[in-house]
Amino acid sequence: MRGEGIFLRFREEELAAWERRPDVRRRRKRLREGHDRWRAQRQLEPGHWPGIRYLLLHTFAHALIREFALESGYSAAGIGERIYSGAGAQPMAGVLLYTAAPDSEGTLGGLVTLGRRDRLGTLIEQALDAARLCSSDPLCAERDPREHGHLYGSACHACLFASETSCERGNHYLDRALLVDTISDLGIGFLATR
């Protein structure tokens with residue numbers, strides 16, 4: 001496979017401080033309870049929670065995939081994701097968005113162009129603006145994952161879900177409120193005030 005991609009890394013100090021905030025911990029608890037209920041409904045062993053950091057990075061990736069698809073010439077289904085998330089002794093916080101093709105020419109260079117300094121910041125801002133409001137709000141923004149045992153919070157087909165070829169987790173573990181302000185949750189989002 002030959003292709004191209006953009007890798008974005010988050011600052012560990014800022015991300016760790018965000019994870020310790022009481023409002024983020026409350027949101028994490030609600031999302032974790034939804035995860036636990038989902039596993040119990042399917043008679044799966046408890047555990048396998050990817051963590052709040054993963055949900056933030058995964059949501060960020062989906063917001064960017066949608067924005068990149070508008071700007072690059074690739075469909076959203078043609079842009080893949082890889083999330084690098086981990087805490088502890090060797091923390092990780094990064095997102096790789098990529099596209100690949102099996103021929104010798106590779107891909108068109110559209111993603112690399114979007115990663116240039118003069119374009120990337122604007123595209124991230126546009127992706128965050130689009131994530132703040134969903135056409136299914138207030139239903140989407142007010143979704144409580146505990147009620148029905150969902151593996152996502154404020155996320156749906158109208159705002160964040162991607163095709164199965166793009167998403168490594170099948171549109172699970174997403175929540176706009178972890179990324180930006182929504183109409184229901186103000187101040188929780190990691191990039192809400194940036």
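- Relative ring orientation between H58 and Y54 is described as tilted, the plane-to-plane angle lying within the 30° to 60° band.
- The structure places CG of N171 at 8.5 Å from CG of L160, a figure rounded to the nearest 0.5 Å.
- Exactly one residue among Y152, W49, Y173 makes a side-chain hydrogen bond (donor to acceptor under 3.5 Å, both in side chains) with H35. That residue is Y173.
- Looking at R30, its side chain never comes within 3.5 Å of a backbone N or O of P145 through a donor-acceptor pair.
- With rounding to the nearest 0.5 angstrom, the CG atom of D181 is 8.5 Å from the CD1 atom of I188.
- Between V95 and R9, the closest side-chain pair of non-hydrogen atoms is not below 4.5 Å.
- The distance from atom CZ of R169 to atom NE2 of H62, rounded to the nearest 0.5 Å, is 11.0 Å.
- Side-chain polar atoms of H48 and E45 form a donor-acceptor pair below 3.5 angstrom.
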Practice item. Could you check Y98 against I6 for side chain to side chain contact (heavy atoms under 4.5 Å, CB included), going step by step and ending with a plain yes or no? Key: CA-CA 6 Å; Y98 66 92; I6 296 173; over 6 Å; no
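- Listed for the T182 side chain is a donor-acceptor partner under 3.5 Å among the backbone atoms of D185.
- Counting heavy atoms from C-beta on, the side chains of L64 and L8 come closer than 4.5 Å.
- Side-chain contact between L57 and F10 is present, with heavy atoms from C-beta onward closer than 4.5 Å.
- Side chains of S136 and H157 form no contact here, defined as non-hydrogen atoms less than 4.5 Å apart.
- The shortest distance between side-chain heavy atoms of S184 and S154 does not fall below 4.5 Å.
- Contact record, A63 with A127: O-CB, 3.6 Å, taken as the closest heavy-atom pair.
- Within a 6.0 Å sphere centred on CZ of R21, heavy atoms belonging to other residues, nucleotides or ligands number more than 12.
- Within the 4.5 Å cutoff, side-chain heavy atoms of C159 are placed close to those of C140.
- Here R132 pairs with D129 in a salt bridge; the nearest charged N to carboxylate O distance falls below 4.0 Å.
- A side-chain donor-acceptor contact under 3.5 Å links E81 to the backbone of E168.
- Taking the six-membered ring where the residue is Trp, F7 and Y84 present perpendicular rings, their angle passing 60° and hence far from 30°.
- Atom CG of L191 and atom CD of E125 lie 10.5 Å apart (nearest 0.5 Å).
- D137 and R143 are not joined by a salt bridge, as no carboxylate oxygen comes within less than 4.0 angstrom of a charged side-chain nitrogen.
- L128 is connected to W18 through a chain of hydrophobic side-chain contacts under 4.5 Å among Ile, Leu, Val, Met, Phe, Trp and Tyr, so both are in one cluster.
- Hydrophobic clustering, with ILVMFWY side chains joined whenever heavy atoms are under 4.5 angstrom apart, groups V180 together with L120.
- Here the closest non-hydrogen pair linking A93 and L15 is CB-CD2, 3.3 Å.
- Side chain of T99 to backbone of G78: a donor-acceptor contact under 3.5 angstrom is found.
- Using a 4.5 Å cut-off on side-chain heavy atoms (C-beta onward), L31 and I52 make contact.
- A pairwise comparison of heavy atoms in I183 and A141 identifies CG1-CB, 3.7 Å as the closest pair.
- In terms of hydrophobic clustering, with Ile, Leu, Val, Met, Phe, Trp and Tyr side chains grouped at heavy-atom distances under 4.5 Å, L97 and F161 are assigned to different clusters.
- Taking a 6.0 Å sphere around CZ of R11, one finds it holds 12 or fewer heavy atoms contributed by other residues, nucleotides or ligands.
- Between R119 and E71 there is a salt bridge, since a side-chain N of the basic residue sits under 4.0 Å from a carboxylate O of the acidic one.
- Under the 4.0 Å criterion applied to side-chain N and carboxylate O atoms, D36 and R32 are assigned as salt-bridge partners.
- A distance-only check finds a donor-acceptor pair linking the side chain of R176 to the backbone of A131 [under 3.5 Å].
- Between L55 and L174 the shortest side-chain heavy-atom distance does not fall below 4.5 Å.
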**Study point:** Derivation and outcome, ring pair (Phe, Tyr, Trp, His ring centres under 6.0 Å), residues H172 and W38
**Key:** CA-CA 11 Å; H172 296 304; W38 185 89; 5.8 Å; yes
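- Ionic pairing of E33 and R37 is not present here: no N-O contact between side-chain nitrogen and carboxylate oxygen is shorter than 4.0 angstrom.
- In this structure, the side chain of R53 engages the main chain of G86 through a donor-acceptor pair within 3.5 Å.
- Checking side-chain atoms of T59 against main-chain N and O of D175 turns up a donor-acceptor pair under 3.5 Å.
- Interatomic distance, I79 CD1 to L114 CG, rounded to the nearest 0.5 Å: 8.0 Å.
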